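Contents: one structure, followed by commentary.
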Amino acid sequence: GFKQVTLSSYFTRR
Amino acid sequence: MLEARLPSAVTLKKIIDAVKELVQDANFDCNDSGIALQAMDSSHVALVALLMRAEGFDPYRCDRNIALGINFATLAKVMKCAGNDDNLTIKAGEDADVLSLMFESTNSDRISEFDIKLMDVDADHLGIPETDYSATIKMPSAEFQRICRDLSVMSETVTIEAVKDAVKFIASGDTGSGSITVKPNQAVDKKDMEVTVTLQEPVKLAFSLKYLNHFAKASTLAGSVTLSLSDDVPLMI
């Protein structure tokens, strides 16, 4: 099954 | 103080139309190089990053960096009141609490002015890491939009498989399945009609068609779209 992941952990907080 | 005039409003109309389903409240970060927007959708599944360069406006004036907190649903409604060929001026004073928009018809016989209230949007600026993608696909944006729309009839998700010399869009659901294969075409007359697949290694990833259909609304802004894919990193469109 398809599990949507979020982006939160991907981008670095500048 | 910001004052920026766009020769024809259609560009901003298309931009707002493309992002309004994804962005609720966000800042237009204005500085002397232009107006930038960076915002995630409410579920943090998608990030919109946009830069409208100062060169695209005439004149463009931004005395100091200013963040204009905007409700995009309101801005979308106001932009509906602009004619495609109107020239559009946006203005915000020093400690502005409104963004002023003025639409002037080509023969200046109709001038519309709107002020929308600005809001405080505290958004942290995100760094988008440089990524060396396994597969990069360039194709006509209208075709990408058509594929996303067509495959939505079969499923809510689409698997994009990039192999040497082809990219395959596959949708399978309870009622059946469908797939659309696009092959590179060399030496086409119009650059925008070109299809290229640049492959470091084959890749096969699944995405929500809801978001791809939102992204595809930006197809009117550019004739060609580039999809960049790698395992375990977000799809870049």
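This is a predicted model, so every value here is computed, not measured. Letters go in sequence order (proteins before strands), and every chain restarts at 1.
Atom CZ of residue A:F2 and atom OG of residue B:S155 lie 9.0 Å apart, to the nearest 0.5 angstrom. Of the inter-residue distances, the one linking A:L7 atom CG with B:I128 atom CD1 reads 9.5 Å to the nearest 0.5 angstrom. Between the CZ atom in B:F207 and the CD atom in A:Q4 there is a gap of 9.5 Å [rounded to 0.5 Å].
The number of heavy-atom neighbours closer than 6.0 Å to NZ of B:K168, taken from other residues, nucleotides and ligands shown, is 12 or below. Within 6.0 Å of the CG atom in B:D231, the count of heavy atoms belonging to other residues, nucleotides or ligands exceeds 12. Environment of NZ in B:K217: sparse, with no more than 12 heavy atoms of neighbouring residues, nucleotides or ligands closer than 6.0 Å. Counting non-hydrogen atoms of neighbouring residues, nucleotides and ligands closer than 6.0 angstrom, the CD atom of B:Q200 exceeds 12 such neighbours.
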- Message: Pair B:M40, A:F11 - check side-chain contact (heavy atoms from CB on, under 4.5 Å), show working.
- Response: CA-CA 11 Å; B:M40 279 205 206; A:F11 295 116; 3.8 Å; yes
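The parts of A:Y10 that come within reach of chain B are both its backbone and its side chain, each placing non-hydrogen atoms under 4.5 angstrom from that chain. Neither the backbone nor the side chain of B:S172 comes within contact range of chain A; no heavy atoms are under 4.5 Å apart.
Heavy-atom pairs under 4.5 Å with chain A were tallied for B:S43, B:P234, B:A206; the largest tally goes to B:P234.
A search for side chain to side chain contact (heavy atoms under 4.5 Å, CB included) contacts involving B:S228 returns B:Y133, B:T136, B:T226, B:M236, not counting sequence neighbours.
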